[in-house]
Amino acid sequence: MAHLKHQHAALGRGACESRARCIVPRAAATVDPANVVKGVFKSSNGAPAAYGADVAQRVISDESKYVLHTYARAPVVISHGKGAKMWDVEGKEYIDMAAGIAVNALGHSDAQWFAALAEQAQQLAHTSNLYHTQPQVELAKRLVENSFADKAFFCNTGTEANEGAIKFARKWARVQAGVDPYDANAVAPYELVSFTSCFHGRTMGALALTYKEQYKTPFYPMMPGHRLAEYNNLDSAAAVIEKGKTAAVFVEPVQGEGGITPSKLAFLKGLRELCDEAGALLVFDEVQCGLGRTGKLWGHQLYGVEPDMMTLAKPLAGGLPIGAVLLKQHVADVMKPGDHGSTFAGNPLVCHVACTVFDIIQNPTFLTSVEQKGHRLREGLKRSMGSSPHVKEVRGVGLLVGVQLDMMAGPVVDAARGMGVLAITAGKGDVIRLVPPLVVTDAEIDKCCEVLGAAISKVAPH
C-alpha cells in the first residue's frame, strides 16, 4: 500500500501515535460474562437447558414449519461454541472451519468480545443516525487511520456495503461529468464492471454484479448497466472498461464464494491503471478477504494496489451485523445528507464491539499468527489429501483456503461433518472452503486436515 495515515503501514501501532490521544478509551466491563452465562445455561460448560435428539428433531421440524426455506441447512442444531469449537444439542463436538461463513473471526464466546457487548448493552444500543454517538466515531477513526481511506460509511451487511458503493460511484460519475446529479435527464457514465466467479451480494444492485446466473434469473430483469469481464484477464477487462461509459469496477482481491482464487498482481495493478485512464473508480470488495483473513489487515495489501473504495462486513463485529464502505475524499465529497442512509447502521452496540474486534485483529503478532496458521493448514491438507486423484489444488492465502476437486465437494463436506469437522463449499460446488476463526489452534488445524483426508478417502476411495 502506498501510504497509510500517520505511517501505519506496519499495522498495529494503533489508530494514531497514541491511541489515547485520538480515541477515547473505553471503560472496563462491569459485567461478569460467567455470571451471565450461568443465567442462560444450566451447566458450567455452556450446555443448553434443553438437550438431546428429541430437541434437535423438534427444532428442525419447527424450522420447516415457520422459517422461509432459502437455505438447505445441514441436519444439525448448534447449541453453543467456544473458540473454534461448537457443540450441537445432542452433545456432539465439532471443529468449526466455517466460522459462520468467515464471520466469527475471534471464534465463539470470546471473553473480550462478550465483555464489550455486555458493557455497551447496559448503556446504549441504538439511536438511529439522527444523533452523534461515540462508538461509531471511534470505529471510523480506527478504520480510516489504518487504511487508504478518508471517510467511512456504515451499514449492516456486505451486500448493503456494495449497494452503497454502487450509489456512491454513480453519483461520483455524474458529478465528474459536470452534470446536475439531481437532473433525471442528465447523461453520465453509469456502467459497472465485475468479473466471472465474483460474488457481491443478493440485493438487486449487488446481485446485478454477481456472476452466478442461478442467483439472478428468478428475479429478472436485473439493474441495467452491468458489464462482465473474465477474472484475472486484463485484456478482457480492458475491453469493457471505457472512458465515458464506466463509472466503477468492482473486484475481490481474493475471491471467496467463487472458489478461493487470489487475484494476480499484474491484474490488480492493471485494473488500477485502466480505471485511472477511463476516469472510473476502483472498488475492492473485501467483505470476505478483509480484516485479517489473509494474514494482512486488508487483502489488497498483498498487492500494493489502492482502491478508491473498499467494502467490508463479515468479521468486523465478530458475529454482529455490520457493513462498511471506506472511501477516499474525492468520492466522499460528492455525497450530501439525504443521498443515502440506514436506520440501524453504525449503532453504538455493534460499533463498540467492532472496536474491540478491530483492536485484537490489527495487532501485528495476531496477523502473523494468521499467516502461520494458513501455511500450516495448506501444507497439512496437501499431505492428508494430496494422494487423492480427485484433489487438483490446495490454494488460498492466510486462513482463506480452498481445496479444488474434480468432483462435487458436498459429499466430502457431509462426511467431514459426521467426523466432527464443519466445512463449506465454494466455486461450482467443487471446492472445499475453509475459513475458520482466526483463533483456531494448531491442534485443531491438524485434526481438520486428518479428518478431511479421511473424508475424501471414504467418499472417493482409490
Side-chain angles (χ1 to χ4, degrees), residues 15 23-24 26-27 29 31 33 36 81-84 86 96 98-129 133-147 149 152-164 201 256 285-294 297-299 310-326 342-363 366-367 370 399-400 435-439:
I23 296 174
V24 179
R26 290 165 286 141
V31 176
V36 176
K82 182 66 177 176
M86 295 198 298
D96 180 10
I101 316 181
V103 168
N104 300 317
L106 302 183
H108 305 279
S109 306
D110 176 80
Q112 293 181 72
W113 181 93
F114 185 91
L117 176 66
E119 177 187 23
Q120 188 62 42
Q122 65 181 353
Q123 295 180 22
L124 184 69
H126 177 73
T127 63
S128 83
N129 283 294
T133 57
Q134 181 177 328
Q136 184 179 121
V137 174
E138 289 189 5
L139 180 58
K141 283 182 179 180
R142 284 163 165 80
L143 295 173
V144 167
E145 296 292 344
N146 289 279
S147 75
F153 169 81
F154 292 110
C155 52
N156 307 287
T157 64
T159 193
E160 287 180 59
N162 284 320
E163 294 283 351
D285 179 337
E286 295 213 12
V287 168
Q288 186 158 168
C289 71
L291 199 63
R293 175 61 57 183
T294 66
L297 188 59
W298 312 120
M310 176 170 68
T311 56
L312 305 171
K314 288 181 179 292
L316 186 52
L320 297 182
I322 188 172
V325 184
L326 302 189
S342 171
T343 297
F344 288 101
N347 72 57
L349 183 68
V350 175
C351 285
H352 188 71
V353 173
C355 285
T356 293
V357 174
F358 185 88
D359 289 348
I360 293 170
I361 292 177
Q362 62 87 39
N363 185 292
F366 187 95
L367 291 169
V370 174
L399 285 171
L400 181 54
V435 282
L438 304 184
V439 296

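These numbers come from the heavy atoms of this one structure, side chains and all, not from hydrogens, waters or symmetry mates. These numbers were taken from a predicted model, which means no experiment stands behind them. Residue numbers count from 1 along this sequence.
- Pairing each heavy atom of Val144 with each of Ala152, the nearest pair is CG2-N, 4.2 Å.
- Smallest separation of non-hydrogen atoms from Leu400 and Cys289: CD2-CB, 3.9 Å.
- Identified under the side chain to side chain donor-acceptor pair (under 3.5 Å) test for residues 98-113, with sequence neighbours left out: Asp96-His108.
- The two residues Pro135 and Cys355 have their closest heavy-atom pair at O-SG, 4.1 Å.
- Taking CD of Gln362 as the start and CZ of Arg142 as the end, the distance is 8.5 Å to the nearest 0.5 Å.
- With a 4.5 Å cut-off on side-chain heavy atoms, Leu312 and Phe154 do not count as touching.
- Here side chain to side chain donor-acceptor pair (under 3.5 Å) pairs that include residues 311-320, with residues two or more places apart or in two chains, are Asn162-Thr311.
- Scored by the side chain to side chain donor-acceptor pair (under 3.5 Å) test, Thr133 finds no partners at all (sequence neighbours excluded).
- Qualifying side chain to side chain donor-acceptor pair (under 3.5 Å) partners for Ser342, counting only residues two or more places apart in sequence or in other chains: Asn156.
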- Starting from the C-alpha separation in whole Å, work towards a yes-or-no answer on side-chain contact (heavy atoms from CB on, under 4.5 Å) for Thr343 and His126. CA-CA 9 Å; Thr343 297; His126 177 73; 4.1 Å; yes
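- In this structure, the side-chain contact (heavy atoms from CB on, under 4.5 Å) partners of Val370, at least two apart in sequence or on a different chain, are Phe366, Leu399, Leu438.
- With sequence neighbours excluded, the residues that form a side-chain contact (heavy atoms from CB on, under 4.5 Å) with Ala84 are Pro437, Val440, Glu444.
- When all heavy atoms of Ala345 and Cys155 are compared, the pair lying nearest together is CB-CA, 3.4 Å.
- With contacts defined as side-chain heavy-atom distances shorter than 4.5 Å, the pair Leu297/Leu291 qualifies.
- Across every non-hydrogen atom of Ala317 and Val357, the tightest pair is C-CG2, 3.8 Å.
- Between Gln120 and Val353 the shortest side-chain heavy-atom distance does not fall below 4.5 Å.
- Under the rule for a ring pair (Phe, Tyr, Trp, His ring centres under 6.0 Å), the partners of Phe153 that lie at least two apart in sequence or sit in another chain are Phe168, His340.
- Residues Pro315 and Gly290 come closest through the heavy atom pair CG-O, 3.8 Å.
- Counting heavy atoms from C-beta on, the side chains of Gln288 and Arg293 never come closer than 4.5 Å.
- We find the CG-CE distance between Asp285 and Met310 to be 10.5 Å, quoted to the nearest 0.5 Å.
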- For side-chain contact (heavy atoms from CB on, under 4.5 Å), just list the numbers for Leu316 and Val350, CA-CA rounded to whole Å, side-chain angles, deciding distance to a tenth of an Å, and then say yes or no. CA-CA 9 Å; Leu316 186 52; Val350 175; over 6 Å; no
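- For the residue pair Gln136 and Asn129, a side-chain donor N or O sits within less than 3.5 Å of a side-chain acceptor on the partner.
- Checked against side chain to side chain donor-acceptor pair (under 3.5 Å), Thr294 has no partners two or more places apart in sequence or in another chain.
- By the 4.5 Å heavy-atom criterion applied to side chains, Leu106 and Ile360 are counted as neighbours.
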- Asn347 and Thr127: side-chain contact (heavy atoms from CB on, under 4.5 Å), yes or no, with the steps? CA-CA 7 Å; Asn347 72 57; Thr127 63; over 6 Å; no
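- Taking CD of Glu138 as the reference point, atom CG of Leu143 lies at 12.0 Å (rounded to 0.5 Å).
- The distance from atom NZ of Lys141 to atom CG of Asn146, rounded to the nearest 0.5 Å, is 13.0 Å.
- Between the CD1 atom of Ile361 and the OG1 atom of Thr356 there is a distance of 11.0 Å, given to the nearest 0.5 Å.
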